[in-house]
Amino acid sequence: MHAAGGYLVRPPKPNHSNMSVLIVGSIALDTVKTPFEEHADLLGGSASYCAVAASFYSPVNLVGVVGKDFPQEHIEFFKKRGIDLAGLQIADGQTFRWSGEYMLDMNVRETRSIALNVFEHFNPVLAPGYSETPFVLLGNIGPNLQNHVLDQVKNPKFIIADTMDLWINIAKDELLRLLKRVDMLILNDGEARLLTQQTSLIKAGAMIQAMGPRFVAIKKGEHGCLLFGQDEDFFSCGAYPLEDVHDPTGAGDTFAGGLAGYLASAVKGDVTFADLRKAVVNGSVLASYNVEQFSLERMRTLTQRDIDDRYDSFRLYSHFEVIE
Ligand code: AMP
């Protein structure tokens, strides 16, 4: 393994000449319970987290569906983040609802209920102009829908997919078909083990690469992330040592959105492993902020200065040589 070391470039500032990211996924109203607090009808969903995180770096084209009950204030928040909403469908009926409960170990979560509502008949159709978006982030939705989006894109530069245990269990063939079409898969440790039936995450990463994606990121919750590239390229990114995690919901989606947004803003030619190492650190910075408050609340106040500060902390905490 080639252990990759430092990442010495600051996150880029948002810039309208950056390339765009196409993001598809769920948009939800979540009810979240932790051992200390419970909040209902919060803005959630994989696409919401991905899109808001990516918007700190790049223009975003969002594809998703909500019901007529979806609060206007959330639409205003997306607009305030500069997210293009031409691909947002507002359908007759109620918005997708998800409810989850965290245990004292916040890496452990139980889904309490799901109401698909308008999400049940979601047909992701790309708005005019979206099909040529260079970076594509397929947020966590059924792999049949992720494949359907890929059928509509033209000449994408880099395609990233997220997934979850549900799809590995009930739609594995469709997921395997998707994996042959993407450049990168992001999933967590439990999902990687489920997909490969391997205990070792190092073996699992290589096995997933053999299924199609050139790059694989395996997230380990509060313990960081492993990145696998070609020719045994490997990078282990730690997690920011947060004292207070208030709501881990959407940490993975925020990580994926920050990673994709960074790539779209920073990469001019082909995406390299060095680009991806920096992208993983940027995704980790955004995710570490997001869990500090419920829902996407922390993203409302997050500044470029905050991102820069924590990026520097990541660099300091990851450095293994003695600093004079
Ligand atoms: P994460 O914490 O990264 O697993 O993402 C949590 C978000 O995923 C919540 O905001 C949910 O609304 C959303 N979600 C939960 N289950 C599903 C599902 N089956 N399909 C799409 N999104 C989901």
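Both ligands and their constituent atoms are indexed starting at 1 by order of listing. Numbers here simply count residues along the sequence, with the first being 1.
- Side chain to side chain, H148 and N123 meet the donor-acceptor criterion of an N or O pair below 3.5 Å.
- Among protein heavy atoms, atom 10 (O) of ligand 1 sits closest to D30 OD2, 2.5 Å.
- Against a heavy-atom cut-off of under 4.0 Å, D253 is close to the following atoms of ligand 1: 1 (P), 3 (O), 5 (O), 6 (C), 7 (C).
- Taking the six-membered ring for Trp, F78 and H74 have ring centres at least 6.0 Å apart.
- Taking every non-hydrogen atom of A28 and a distance limit under 4.0 Å, the qualifying atoms of ligand 1 come out as 12 (O).
- R298 and Y289 share no donor-acceptor pair across their side chains, judged by distance under 3.5 Å alone.
- Below 30°, between 30° and 60°, or above 60°: for H39 and F294 the angle between ring planes is above 60°, a perpendicular geometry.
- Against a heavy-atom cut-off of under 4.0 Å, T249 is close to the following atoms of ligand 1: 2 (O), 6 (C), 9 (C), 10 (O).
- Closest heavy-atom approach to atom 13 (C) of ligand 1 within the set S99, S26, A251: this belongs to S26.
- For the residues F122, F96, W98, F119, the heavy atom positioned nearest atom 23 (C) of ligand 1 is part of F96.
- Applying the 4.0 Å criterion to heavy atoms of G44 picks out, from ligand 1, the atoms 10 (O).
- Side-chain atoms of Y262 and D275 include no donor-acceptor pair closer than 3.5 Å.
- With sequence neighbours excluded, the residues forming a side chain to side chain contact (heavy atoms under 4.5 Å, CB included) with D69 are L29, Q94, T95, R97, listed by chain and number.
- Contact atoms of ligand 1 toward L166: 19 (N) (distance under 4.0 Å to a heavy atom of the residue).
- Atom CG in L263 sits 5.5 Å away from atom CZ in F135 (nearest 0.5 Å).
- Checking side-chain atoms of S58 against main-chain N and O of A54 turns up no donor-acceptor pair under 3.5 Å.
- Considering backbone and side-chain N/O of R109, one or more are found under 3.5 Å from N/O of ligand 1.
- In terms of N/O distances under 3.5 Å, ligand 1 is not approached by Y49.
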Inset, instruction - Let me see the working for R214 and Q209 under side-chain contact (heavy atoms from CB on, under 4.5 Å), right down to the final yes or no. - result: CA-CA 6 Å; R214 286 180 293 140; Q209 286 182 299; 5.7 Å; no
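- In summary, the atoms of ligand 1 found under 4.0 Å from a heavy atom of G252, numbered by their order in the structure, are 3 (O).
- The protein non-hydrogen atom at the shortest distance from atom 8 (O) of ligand 1 is S46 N, 4.1 Å.
- At the shortest separation from atom 21 (C) of ligand 1 among protein heavy atoms lies N140 O, 3.2 Å.
- Considering both main-chain and side-chain atoms, I141 never comes within under 3.5 Å of ligand 1 through any nitrogen or oxygen pair.
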